[in-house]
Amino acid sequence: MKKIIIALAVLGMAGTASAGKIVMEGSTTVLPIAQKAAEVFMKNNPGEEVSVRGGGSGVGIASIIDGTCDIADASRAVKAAELEKAAKKGRDLKAHVIAMDGISHIVHPSNTVTGLTREQIKKIYTSRAANWKEFGGPDLRIVVISRDSASGTFEAFSEMVLDKKKVRPDAIMQASNQGIASIVARTPGAIGYVGLGYVTGSVKAISVDGVMPAKESVLRNKYPITRPLFMYTNGVPQGTVKKFIDFLKGPEGQKIVGEEGFVGLK
Amino acid sequence: MNRKKERVIKYLFTALAFASLVFLIGIVLVLFKEALPIFKTVSPRAFLLGESWYPTAEPAEFGILPLILASLWVTAGALVICVPLGVGSALYLHELAGPRQRAVLKPVIEILASVPSIVYGFFGMVILAPFLQDAFDLPIGLCALTTSVILGVMATPTVASIAEDALSYVPRSFREASFAVGADRWQTLTKVIIPAAGSGISTAIILGMSRAIGETMTVLMVAGGSAVIPRSVFDPVRPMTAAIAAEMGEAPVGSDHYHALFAIALILFLITFAFNIAAELISRRFRLKLGLSR
């Protein structure tokens, strides 16, 4: 088993070490930025190849530790346990903040609730608060939707809203932001949380502690559930990896960040 | 020279034939090796009968009863769909369909088996779940019922084609003897053919069950994923396969969570293994009963 993993890792490294081809993997929150940036980057730099995969922040960080990707996308900071593992494998993870994001809470457009406090959201997610009536909404059972625990969004949410309390067991679990958004869009009683970039016309964002999730409020750090989005590299970036990170942090890259619905650094 | 070549070929094919055995043993060894360490943290009893599954919480809880029950529920639901559909199709194909209908229907049923499971998943998510949500006025369409319907349709070709084989193994002489003593077609079917093919049909059903309980992608997409003990068919559930698929990517290698997922896989393997042994035993009896060799 271990040997196979090592063999795969070696294959992966062999595949990624060749000049001009990099692999990016991880957070589905960062995914739209990564994908768009990769497209534009490849168009600007013929001959360079950037392949992008989702999987979740945990998956991306595990991959970069195993050497199967060059850049790990993450919507949370790397954990102590992960750093320890990286150190054991002789890897030196470097964080690059590429954008800011607010974790937006979304409900069905027909829901009359326009805002909740963090305390109320915590109650909905951790106890058996059953009906929107209790929160000034319609007489409708609340369908709680959460992310699977591989998700950086889940961990950030759990830390910033739930105080790490357990999500009620009957919550619907989805593997991606898009999964949550599409369920909320067609489920009248649903509540879910997604990155700012996934708030579209088919769902309704609600305010948290009286502040709406928006670029302004996130950038000024007024929105209570704000977090940085990261890309991790192994050591100081070099070659194509450096070129890509520089591109993403530069004006053109930051414009993509904005277009995808996230908040640029400047 | 020729004899040498023959011997080489013989060894080659022997090796190929035993390769499956090697794979099976390898898989079983890995499953046990990676699964057993979890029982240092959790007792087997607490693992199997525990009612809460919080593998990443602090402290973590590893109770897989909700996952086991979810798998059994959706499989039972799938049987309700695939047994009438599959056995009914087999009976029709074998007893009533003319050669031309057979020529169309049989391949069609087999094509149903070749649709990739992710396509079934998409269908369930985008079409069936919203439909059932409206039809039954459910809070959410991703639930045990939706999963059962999709799994039932997926298992139908397995059941239909094996049941049809079983029917076709019934020797002609049985039927002729039945007609000779004056039985009509219905009597022949219910009193002679179905009892004779009965264990073959049971095998078909058991293999259909194996198919349903082991299915992963579809289940991950349509079951909803709530790790609670299901109380109604409209509850979202988290079957064992879905839990493994959703969580394997993030479980750090060697952690309790990682071993717990392997332990779930081991239990799933033991369940399908038992199904397959049962199917094999029953079909062996069936062949003996019909006087077929082996």
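Chain letters run A, B, ... following the sequence lines, proteins first and then strands; every chain starts at 1. These numbers were taken from a predicted model, which means no experiment stands behind them.
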Could you tell me whether the side chain of A:Pro188 reaches within less than 4.5 Å of the side chain of B:Gln133, counting heavy atoms only?
-> yes
How close do B:Leu142 and A:Gln174 get, heavy atom to heavy atom, and via which atoms?
-> CD1-NE2, 3.9 Å
So which part of B:Thr56 gets closer than 4.5 Å to some heavy atom of chain A, the side chain, the backbone, both or neither?
-> side chain
Using a cut-off of under 4.5 Å on heavy-atom pairs, state which of B:Gly141, B:Ala242, B:Pro139 scores highest against chain A.
-> B:Pro139
So which part of A:Ala171 gets closer than 4.5 Å to some heavy atom of chain B, the side chain, the backbone, both or neither?
-> backbone
Sort A:Lys85 into side chain, backbone, both or neither according to what part of it lies under 4.5 angstrom from a heavy atom of chain B.
-> side chain
Interface check, chain B: of A:Gly189, A:Pro169, A:Gly60, A:Gly179, most non-hydrogen pairs under 4.5 Å belong to A:Pro169
Which of the residues B:Pro130, B:Ser226, B:Pro236 is involved in the greatest number of heavy-atom pairs with chain A at under 4.5 angstrom?
-> B:Ser226
Residue A:Leu140 versus chain B: region with a heavy atom under 4.5 Å | neither
State, to 0.1 Å, how close B:Ile140 and A:Ile183 come at their nearest heavy-atom pair, and which atoms those are.
-> CD1-CG2, 3.5 Å
Do any of residues 148-156 of chain B have a heavy atom less than 4.5 Å from a heavy atom of chain A, and if so, which, in residue order?
-> none
Which bit of A:Glu82 is near chain B, if near means a heavy-atom gap under 4.5 Å: side chain, backbone, both or neither?
-> neither
Please state whether the side chain, the backbone, both or neither of A:Arg186 comes within less than 4.5 Å of a heavy atom of chain B.
-> both
